[in-house]
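Have a look at the structure below before the remarks.
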Amino acid sequence: FDLSQPMKQGMPSFFAHVPFSFSLNIRHADLNIPGGLGMANDIIVGSTHSGTHIDAVGHFSRNGCLHGGLDVRQVTTGPGGLLQHGIEQTAPILRRAVLFDVAAFKNQAALDPAYAITAQDLQMTAKAQGVELRSGDVALIRTGWAAYWDSPPRYLSMDKGTPGPDLSGAEWLVRNGASFTGDVTFAYEFNPGD
């Protein structure tokens with residue numbers, strides 16, 4: 001399964017992030033190089049939170065602490081990034097993956113906005129689709145929201161929310177051995193909206 005989305009001008013971008021931008025800043029016809037040579041060069045600008053990506057546990061903090069109770073002032077260096085919990089500290093991922101197609105299980109092309117995927121949803125989806133999550137597996141959850149990629153307001157759905165695992169769903173994944181988990185919404189977890 002291809003988990004990526006095309007990176008292009010106007011793609012979904014969270015309001016707090018730099019929007020993705022691509023420009024062919026030098027075109028072949030812009031330069032007159034001796035010998036009839038031509039060249040093109042482009043520039044890409046964007047946040048590391050652009051498009052599909054893997055987040056590190058150092059991405060969010062609460063009350064000044066990162067995962068494990070680490071004080072953000074002690075591990076955040078600015079230009080150097082994070083001293084702990086940076087994505088570069090994640091080993092390469094080569095594991096068995098299990099797809100929980102929750103949208104198909106619910107007979108929907110895409111789950112409703114703000115749909116909380118519960119432990120029961122995951123358990124029933126696994127049973128109906130004949131999949132088993134084993135210790136160390138990657139758990140991928142299909143919500144159907146990839147279909148909205150070309151409609152950023154609908155994809156981000158800040159006011160109406162986005163589907164994703166709730167606390168019971170996350171706990172079920174951990175109890176059943178998931179080493180990593182992912183979906184195609186911008187924030188992964190259940191977002192109830194405004």
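Residues: numbered from 1 along the sequence shown. Everything numeric here is computed off the predicted structure, so don't read it as measured data.
The backbone N or O of F22 lies less than 3.5 Å from a partner atom in the side chain of Q9, making a donor-acceptor pair. Side chain of H67 to main chain of H85: no donor-acceptor pair is present (N/O by atom type, distance under 3.5 Å, no hydrogens or angles). Judged by distance alone, with hydrogens and angles left aside, the side-chain atoms of S168 form a donor-acceptor pair with the main-chain N or O of A119 at under 3.5 Å.
Separation of atoms CD (Q84) and OG1 (T76) is listed at 10.5 Å; rounding is to 0.5 Å. Here the CG atom belonging to L99 is positioned 9.5 Å from the CD1 atom belonging to I141, to the nearest 0.5 angstrom. To the nearest 0.5 Å, atom CG of residue D42 and atom OG of residue S23 are 8.5 Å apart. Here the straight-line distance linking atom CD1 of I44 with atom OG of S21 works out to 9.5 Å at 0.5 Å rounding. Note: F105 CZ to M124 CE = 3.5 Å, rounded to the nearest 0.5 Å. From H28, atom NE2 reaches atom CG of L37 across 11.0 Å, with rounding to the nearest 0.5 Å.
The nearest pair of heavy atoms linking R27 to L24 is CG-CD2, 3.9 Å. Here the closest heavy-atom approach between residue L111 and residue A103 is recorded as CD2-CA, 3.8 Å. For M11 against P6, the heavy-atom pair with the smallest separation is SD-O, 3.9 Å. In terms of heavy-atom proximity, F186 sits nearest to L156 at CE2-O, 3.1 Å. Taking all atoms of both residues into account, the shortest heavy-atom contact from V72 to L66 is CG1-CG, 3.8 Å. Contact record, E88 with L82: OE2-O, 3.8 Å, taken as the closest heavy-atom pair.
Shown here is H17, whose NE2 atom has more than 12 heavy atoms of other residues, nucleotides or ligands within 6.0 Å. Atom CD of Q89 is surrounded by more than 12 heavy atoms from other residues, nucleotides or ligands within 6.0 Å.
The stretch residues 165-177 participates, sequence neighbours left out, in no salt bridge (Lys or Arg N to Asp or Glu O under 4.0 Å) pair at all. Applying the salt bridge (Lys or Arg N to Asp or Glu O under 4.0 Å) test to every pair with at least one member in residues 95-114, sequence neighbours left out, gives these pairs: R96-D137, D101-R142, K106-D121. Among residue pairs with one or both ends in residues 148-173, those qualifying as ring pair (Phe, Tyr, Trp, His ring centres under 6.0 Å) are F100-W172, W145-Y148, W149-Y155; sequence neighbours excluded.
Q74 is linked by a side-chain hydrogen bond (donor to acceptor under 3.5 Å, both in side chains) to nothing, counting only residues two or more places apart in sequence or in another chain. Residues satisfying the salt bridge (Lys or Arg N to Asp or Glu O under 4.0 Å) test with K8, not counting sequence neighbours, are D150. Partners of T185 under the side-chain hydrogen bond (donor to acceptor under 3.5 Å, both in side chains) rule, at least two apart in sequence or in another chain, are D183.
Hydrophobic cluster membership is shared by I87 and I93, with clusters built from Ile, Leu, Val, Met, Phe, Trp and Tyr side chains linked at under 4.5 angstrom. Criterion: ILVMFWY side-chain heavy atoms under 4.5 Å apart, direct or through other members. Under it, L133 and L122 are part of a common hydrophobic cluster.
Side-chain contact check for V102 versus T143: every heavy-atom pair is 4.5 Å or farther apart.
Y188 and T181 share a donor-acceptor pair across their side chains, judged by distance under 3.5 Å alone.
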